[in-house]
Amino acid sequence: KASARKMGPSKKSKAKAAASSSSGVVASPSISPGTPDHGHEPSKLLDPEDGGHQSHTDTTECLDKQQPEPLIRTEAPAPEEPCKTVEDQKEELSKAITAADHFLGLMDIQRASDMLEEQLSALCDGSPSPLRHSDQHVDLLVRYSGVLWWDGDMSAAADALLAADEVLAGRSQDVDTKLQRADLSRQLGAIYKSSGDVEAADKRLSDAARNLAALADSELSDEAAKAARASLREVQACLAQVCVHRCRYQRAEHLYVAAFAAEEDQETSVATAAAEAVPLPAADEESSESN
């Protein structure tokens, strides 16, 4: 017995201890050094700081290996807009003017102004347009000036008419161009008068009346002469109103008579309609100043 105690526990006690330990924990299989490796990589140790899970870097590397490389797609160039023909531009401009007239009829002056301003920007700021400096361009500037006049912006309205006159000044000064410039001067005189600058209105209208009187005296066709006389009458009537504002009543009377004279008295009317101021007698000057 003494020798048995020295030798340690018996085989039965060892078997019992092994059975009790196997019932609680299952031993992990181990690969002996002699076992051949069939291409399996040794499992990586789990990071205890990540709670026993695989690290984020390892997961990313694994996903990168699994996903194929993305295909590089080249964007196709945007299709170029077809160039607009002159007829297309005229049609677009006509639609914009019609829409602006409708907005003006609804007293939506801001939208009418925006419609015309957009067309002016397309003619001047973009690529060279075949309608630039054309009759449509001049008509657009005149309409834009009228909308600005309704909006009360007299300075901008005058600038638009001056721009239109500058376009006409670069053309050959035939009868039609002179009549157009006279009509622009009449509208400019009305704008100056409305803004209170009667001196500028007098000068602008006087120059227009003088040019139209000279044009009416020249050799014109019947149709051109009739148009020149009609334009002269309109300028004379506007100039007479300016003369009334400046208390030049005698000159205003002569202009009113010339503007509203009968057709058979047209030759006398043209002579009386000179744009130069009619000299007033001393008595008339004193009476006009007292009035």
Side-chain angles (χ1 to χ4, degrees), residues 77-195 200-201 204-205 207-208 211-212 215 221 223-224 226-228 230-232 234-235 238:
E80 297 182 357
E81 296 183 359
C83 297
K84 296 181 180 179
T85 62
V86 179
E87 297 300 328
D88 293 339
Q89 294 182 9
K90 287 183 179 180
E91 184 179 358
E92 184 178 353
L93 182 59
S94 177
K95 290 180 179 179
I97 291 175
T98 303
D101 290 341
H102 290 168
F103 287 132
L104 190 60
L106 296 172
M107 297 306 296
D108 193 349
I109 300 176
Q110 184 61 42
R111 295 188 67 181
S113 176
D114 292 342
M115 292 291 294
L116 299 179
E117 187 174 356
E118 181 180 354
Q119 294 299 318
L120 285 173
S121 299
L123 287 178
C124 301
D125 298 341
S127 58
S129 173
L131 295 182
R132 188 174 183 180
H133 294 170
S134 63
D135 291 339
Q136 289 80 8
H137 190 186
V138 174
D139 181 63
L140 184 60
L141 287 169
V142 173
R143 291 176 180 273
Y144 184 55
S145 173
V147 173
L148 293 174
W149 190 1
W150 274 96
D151 197 24
D153 194 350
M154 299 298 177
S155 178
D159 290 341
L161 289 180
L162 289 173
D165 185 70
E166 184 178 354
V167 173
L168 294 177
R171 300 180 181 179
S172 60
Q173 301 301 305
D174 53 4
V175 177
D176 293 336
T177 303
K178 289 181 179 179
L179 291 177
Q180 285 181 290
R181 297 190 68 183
D183 187 63
L184 291 179
S185 296
R186 178 186 61 80
Q187 297 183 53
L188 275 170
I191 290 176
Y192 290 146
K193 182 175 73 68
S194 299
S195 60
R204 176 67 64 171
L205 293 171
D207 292 341
N211 294 333
L212 287 173
L215 183 63
S221 62
E223 184 178 358
K226 185 178 180 180
S231 180
L232 177 58
E234 293 180 357
V235 172
C238 292

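Numbers here are sequence positions counted from 1. All values derive from a computational prediction rather than experimental measurement.
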Side-chain contact test, heavy atoms from C-beta onward, threshold under 4.5 Å: evaluate it for M107 versus W150 and give yes or no. yes
Quick one: are Q119 and M115 in side-chain contact, heavy atoms under 4.5 Å? no
Which pair of heavy atoms, one from [X] and one from [Y], lies closest together, and at what distance?
| X | Y | value |
| --- | --- | --- |
| V142 | A164 | CG2-CB, 4.5 Å |
| A201 | K193 | CB-N, 3.8 Å |
| V235 | A182 | CG2-O, 4.2 Å |
| R204 | G189 | CG-N, 4.2 Å |
| Y192 | L162 | OH-CD1, 4.3 Å |
| S145 | I191 | OG-CD1, 3.9 Å |

About how many Å separate [atom2] of [Y] and [atom1] of [X], when rounded to the nearest 0.5 Å?
| X | Y | atom1 | atom2 | result |
| --- | --- | --- | --- | --- |
| L123 | L131 | CG | CG | 6.0 Å |
| R111 | H102 | CZ | NE2 | 13.0 Å |
| L168 | H133 | CG | NE2 | 10.5 Å |
| L93 | T98 | CG | OG1 | 9.5 Å |
| L212 | L179 | CG | CG | 6.5 Å |
| L188 | L161 | CG | CG | 4.5 Å |

Quick one: do D183 and R186 make a salt bridge, cutoff under 4.0 Å? yes
Got a donor-acceptor contact below 3.5 angstrom from the [X] side chain to the [Y] backbone?
| X | Y | answer |
| --- | --- | --- |
| Q173 | R171 | yes |
| S94 | K90 | no |
| S113 | I109 | no |
| S231 | A227 | no |
| S185 | R181 | yes |

Under a 3.5 Å threshold, yes or no: a donor from one side chain and an acceptor from the other, between Q180 and D176?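 Side chains of Q180 and D176: no pair found under 3.5 Å.
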Side-chain donor-acceptor pair present, T177, D174, cut-off under 3.5 Å: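 Yes, side-chain donor-acceptor contact under 3.5 Å.
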Partner of D139 under side chain to side chain donor-acceptor pair (under 3.5 Å), chosen from Q136, R143, H137: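 By the side chain to side chain donor-acceptor pair (under 3.5 Å) criterion, D139 pairs with just one of Q136, R143, H137: R143.
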